[in-house]
Amino acid sequence: MLDAEREYMEFDVVIIGAGAAGLSAACRLMQQASEAGTELSVCVLEKGAETGAHILSGAVFEPRALDELFPDWEARQAPLTIPVSSDDIFLLRDEQDATRLPHIAVPRTMLNDGNYVISAGNLCRWLAEQAESLGVDIFPGFAAQELLLGENGEVQGVLTGDMGVNQAGEPRETYMPGMGIRGKYTLFAEGARGHLGKQVISRYALDAGKDPQHYALGIKELWDIPAEHHQPGRVIHTTGWPTEGHAHGGGFLYHGDNQQVMVGFFVDLDYENPWVSPFDEMQRLKHHPVISKHLRGGTRVAYGARAVTKGGYNCLPDMAFPGGLLIGCDAGTLNFAKIKGLHTAMKSGMLAAESVFDALSKGDSGGRTLEGYKTRVEQSWLHEELYTARNFGPAIHRLGTVLGGAFNTLDQALNGRLPTLHDRTPDYARLQRQVRCEPIDYPKPDGILSFDRTSSVYLSNTNHDEDQPCHLKLTDPSIPIQVNMPEYAEPAVRYCPAGVYEVVEDSEDAPRFQINFQNCVHCKTCDIKDPAQNITWVAPEGGGGPNYPNM
């Protein structure tokens with residue numbers, strides 16, 4: 001595609017991603033413009049088919065940032081209707097037994113008084129309505145594919161992906177070239193492991209001197225349950241079984257509205273055993289009596305998965321660079337000690353908006369590094385919250401669930417005053433060779449509480465045009481079979497929660513590595529966990545991927 005053939009649109013601010021961070025930034029920008037009586041053009045690009053289509057979170061929501069952004073959110077009918085009514089944490093000892101932890105033994109970060117059980121997707125749909133009413137342009141179905149760079153290496157916006165290109169990279173009859181979206185400043189709010197955010201961090205060495213970012217894979221299902229089992233606002237978290245001994249992880253079950261429960265499981269991606277399958281761990285969890293009694297007689301109606309940026313304060317990159325800012329999970333603002341990131345993502349977006357508006361209102365023509373953003377973050381409750389919780393992940397990784405949990409309980413009681421712990425080993429580098437690990441025998445799904453990947457992906461409403469280039473790029477196509485297979489039993493077939501990767505063994509031919517990219521739910525786990533760092537996730541055609549309802 002010749003650059004001269006592209007169309008370009010100009011905005012004051014371009015925001016990549018219509019999640020909680022991006023939409024909060026857009027709203028705050030327009031609020032300031034309205035208060036100042038000035039004109040401001042703000043564009044939000046969203047790769048999902050609609051706002052909220054790719055949004056996946058637990059979610060128990062802390063309304064602190066929303067209270068600041070829209071103090072009248074209740075009058076505006078924000079989708080916060082189910083306050084937390086009860087809050088329990090269970091230590092699962094094995095597949096049958098469990099102990100409920102007394103509240104005195106629970107870190108205060110895990111207490112949920114004043115919070116709400118919500119759908120993060122519906123919150124983002126509501127935020128999009130507020131943004132549009134303020135004058136923001138939101139373009140769903142447009143995937144930001146490349147950075148637009150200026151003569152001095154500053155970010156000037158993005159290029160959206162071409163549409164209607166076949167697998168060979170040639171235009172079809174439906175071909176439509178991507179557009180250039182220019183902005184004086186560009187905010188990257190793609191969520192965990194954003195592919196452009198990843199490039200920005202590398203290009204400007206924003207993570208120099210920081211701990212490597214750490215991730216978990218979160219898997220979630222939505223169930224309709226009988227009315228007699230429904231307890232709106234009931235919150236349950238679990239730790240221990242089924243991952244204890246071979247991975248760090250934990251489960252959740254939240255009673256929402258409309259006779260629905262949200263059940264899910266997190267597996268930290270620092271696990272060592274290549275035989276671990278996060279998907280199958282999630283399916284096992286649902287058979288534990290603590291969880292199964294809430295699901296019996298119910299129907300599974302939705303499924304999804306997403307990587308979670310969980311490294312916290314020690315892993316935060318510098319978030320300002322020439323021409324833009326990283327916000328939300330693109331930077332890693334989630335507070336994993338609370339298992340919450342929506343409120344911190346929103347706050348980071350609001351602070352970014354204030355930094356950008358302050359610069360533009362002084363006649364800034366763009367392209368600078370907005371150092372004032374760092375100051376705003378450091379002077380906010382966002383910094384205080386993340387700093388206080390900085391030891392949560394490293395303590396679990398280094399000391400294990402029990403000792404690490406005890407360390408964190410004490411650290412939170414002392415308001416984060418214990419010495420700082422670090423985890424400087426990237427998640428992918430933790431994986432051990434298969435000869436050093438015991439295979440894990442996962443039970444077959446029963447079709448009542450547990451299910452297979454194929455039926456699960458069906459419930460995610462995932463769709464990609466099959467005649468487009470594969471968006472999962474192998475740097476060296478030989479590595480999966482020649483290296484990963486003998487050394488790690490090719491872990492991609494297990495860590496992927498959507499059955500994207502297969503090792504196909506025909507009787508006459510050598511094994512081959514097959515990528516079913518149509519199944520991809522955009523969780524980014526492969527980009528994170530592949531031991532050779534051989535897989536790079538890039539955005540497919542806009543509008544592809546999952547389409548999550550009420551998730």
Side-chain angles (χ1 to χ4, degrees), residues 16-22 45-48 54-57 120 143-147 158 187-204 206-207 210-220 266-271 278 304-312 314-319 321 324-334 336 341-342 344-345 348 393 423 425-431 471-475 491-492 495-498 500-501 517 520-540 544-546:
I16 313 304
L45 295 180
E46 167 55 42
K47 65 182 173 66
H54 291 175
I55 300 297
L56 180 74
S57 182
Q145 283 278 16
E146 299 178 39
L147 300 174
V158 297
L187 309 185
F188 291 88
E190 305 161 287
R193 197 72 166 194
H195 87 284
L196 292 183
K198 180 181 168 185
Q199 292 177 31
V200 165
I201 291 171
S202 175
R203 173 177 288 276
Y204 301 106
L206 302 180
D207 57 352
K210 313 291 185 178
D211 287 1
Q213 189 57 262
H214 296 285
Y215 300 87
L217 173 60
I219 301 174
K220 176 182 174 182
F266 290 97
V267 175
D268 286 6
L269 291 178
D270 72 328
Y271 64 81
R306 187 71 172 92
V308 177
T309 312
K310 62 173 288 290
N314 296 339
C315 306
L316 281 178
D318 292 334
M319 294 186 279
F321 53 89
L325 299 171
L326 292 170
I327 60 177
C329 282
D330 235 347
T333 59
L334 180 139
F336 205 68
L342 291 171
T344 50
S348 73
D423 181 354
T425 303
D427 292 337
Y428 71 87
R430 291 278 188 186
L431 209 62
H471 64 280
L472 302 159
K473 309 295 185 180
L474 299 181
T475 303
Y495 62 59
C496 175
V500 169
Y501 301 102
F517 73 86
C520 180
V521 294
H522 299 193
C523 75
K524 316 288 184 67
T525 303
C526 53
D527 193 293
I528 298 163
K529 191 60 177 174
D530 181 69
Q533 290 294 275
N534 187 49
I535 303 173
T536 300
W537 190 100
V538 301

Let me confirm one number: the [atom1]-[atom2] distance from [X] to [Y], rounded to the nearest 0.5 Å.
X	Y	atom1	atom2	result
Asp318	Leu325	CG	CG	11.5 Å
Leu334	Ser57	CG	OG	8.0 Å
Asp427	Lys310	CG	NZ	7.0 Å
Thr525	Asp530	OG1	CG	11.5 Å
Lys47	His54	NZ	NE2	4.5 Å
Ile528	Cys523	CD1	SG	7.5 Å

Output yes when Arg430 and Asp268 qualify as a salt bridge under the 4.0 Å nitrogen-oxygen rule, no when they do not. no
Under the side chain to side chain contact (heavy atoms under 4.5 Å, CB included) test, which residues partner Thr475, sequence neighbours left out?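 Per chain and number, Thr475 pairs via side chain to side chain contact (heavy atoms under 4.5 Å, CB included) with Asn534.
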Please list, chain by chain and in numerical order, all residues satisfying side chain to side chain contact (heavy atoms under 4.5 Å, CB included) with Glu190, sequence neighbours excluded. Ile16, Phe188, His195, Leu196, Asp330
Report yes if some heavy atom in the side chain of Thr309 is under 4.5 Å from a heavy atom in the side chain of Gln213; otherwise report no.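 In contact.
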Main-chain N/O of [Y] paired to [X] side chain as donor or acceptor, under 3.5 Å:
X	Y	answer
Ser348	Ile327	no
Arg306	Lys220	no
Ser202	Gln199	no

Identify, with sequence neighbours excluded, every residue that meets side chain to side chain donor-acceptor pair (under 3.5 Å) alongside Lys198.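 Asp527.
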Nearest heavy-atom neighbours spanning [X] and [Y]:
X	Y	value
His214	Asp423	NE2-O, 2.8 Å
Leu431	Tyr271	CD1-O, 3.7 Å
Leu217	Ala307	CD1-N, 4.2 Å
Pro531	Pro491	CD-CG, 4.0 Å
Leu342	Ala120	CD1-CB, 4.0 Å
Leu472	Cys526	CD2-SG, 3.9 Å

Evaluate His471 against Val538 for side chain to side chain contact (heavy atoms under 4.5 Å, CB included), listing each step before the verdict. CA-CA 5 Å; His471 64 280; Val538 301; 4.0 Å; yes
Kindly confirm or rule out a cation-pi arrangement of Lys529 over Tyr215, judged by NZ or CZ under 6.0 Å from the six-membered ring centre and within 45° of its axis? no
